[in-house]
Amino acid sequence: MQNEIARSLWIDASVYFDVNAHLRRSLRWIEQNPLGYEKRVAEFEDTYRNFSTLLQDPETDPFYYGNVLKFRDRFTPTGTFPLSLYDAVTICRALRQTGRQEDDAFLMTVHETFEEIQGKIESNEWGFPNNIINPNQLASAMLIEGFGVFMEHEYAFAGAGVGRDFVLAFEEVLLMHGEGTDLLHDTIGFMQQEKDDFSPGAAKRIDIYPYI
């Protein structure tokens, strides 16, 4: 894989999810056919950049981005905003190179994130990882939902449910800015099932897909 962020995520997933036969097959397929997966990681980062801009924009419209504003309200008292996927993976890679992984709180957070995701899959709390046939679509769903779990661990001070708020906020941005992306195509079905949780403007975008 040419994309180092995508490769780092793939390596961790291969370690933690090796016990699941379906995920193991999907990860092996992605290793042999990485371009679609790498494209989705890049689209995730592009969407996150738009997300970050909206978090800091005082003119962000609640009609379209109500969940973005709800997420922002959790962090306003701190004056800081969460790490991007790129930053989180880059920090993780740098820390692992120090050779003192067991001493680092951030790496422990990453470990706990993957452990929780693994538990959600094994308990069938998350049914989708065992039901999605297309490996690239599975990667899209795991990226978004998995980063939500990371938010729960890394930003516990923001309160319970911060991960779910992130997923909805991120998907609102994807709906409004992700026209034509594989990431949106892969996940629109989940959004359609949860349309009532979105802001009115974002929900309208769900209604008119695939005409956006």
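Note that the structure is a prediction, hence the values are computed from the model and not measured.
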Could you tell me how the ring of Phe17 sits relative to the ring of Phe114: parallel (under 30°), tilted (30 to 60°) or perpendicular (over 60°)?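 Rings of Phe17 and Phe114: tilted, as their planes differ by 30° to 60°.
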Between Phe150 and Tyr155, how do the two ring planes meet: parallel, tilted or perpendicular, split at 30° and 60°? perpendicular
Electrostatic pair [X]-[Y], nearest N-O below 4.0 angstrom:
X: Arg164; Y: Asp197; value: yes
X: Lys70; Y: Asp73; value: no
X: Asp46; Y: Lys39; value: no
X: Arg93; Y: Glu4; value: yes

Flag, side chain of [X] to backbone of [Y], donor-acceptor distance under 3.5 Å:
X: Trp10; Y: Leu27; answer: yes
X: Gln56; Y: Ser52; answer: yes
X: Ser199; Y: Ala202; answer: no
X: Asn131; Y: Gly127; answer: yes
X: Glu116; Y: Val149; answer: no
X: Asn136; Y: Tyr37; answer: yes
X: Gln137; Y: Thr187; answer: no
X: Thr98; Y: Ala94; answer: no

Taking atom [atom1] of [X] as the centre, report whether more than 12 heavy atoms of other residues, nucleotides or ligands fall under 6.0 Å from it.
X: Lys204; atom1: NZ; value: no
X: Phe190; atom1: CZ; value: yes
X: Tyr48; atom1: OH; value: yes
X: His153; atom1: NE2; value: yes

May I ask you to test the Thr53-Arg49 pair for a side-chain heavy-atom distance under 4.5 Å?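 No, too far: nothing below the 4.5 Å cut-off.
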With a 4.5 Å cut-off on side-chain heavy atoms, are Glu179 and Leu184 touching?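 Leu184 vs Glu179: side chains apart.
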Quick one: ring pair (Phe, Tyr, Trp, His ring centres under 6.0 Å) partners of His22, sequence neighbours excluded?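 Applying ring pair (Phe, Tyr, Trp, His ring centres under 6.0 Å) to His22 gives none.
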From CD (Glu45) to CG (Asn3), nearest 0.5 Å: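 So the CD of Glu45 and the CG of Asn3 are separated by 9.0 Å.
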Gap separating the OG1 atom of Thr47 from the CZ atom of Phe170, nearest 0.5 angstrom: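 Taking OG1 in Thr47 and CZ in Phe170, the distance rounds to 4.5 Å.
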Identify, with sequence neighbours excluded, every residue that meets salt bridge (Lys or Arg N to Asp or Glu O under 4.0 Å) alongside Asp186.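 Checked Asp186 against salt bridge (Lys or Arg N to Asp or Glu O under 4.0 Å); matches are Arg40.
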Close aromatic pair by centroid cut-off 6.0 Å: His177 and Phe51: no
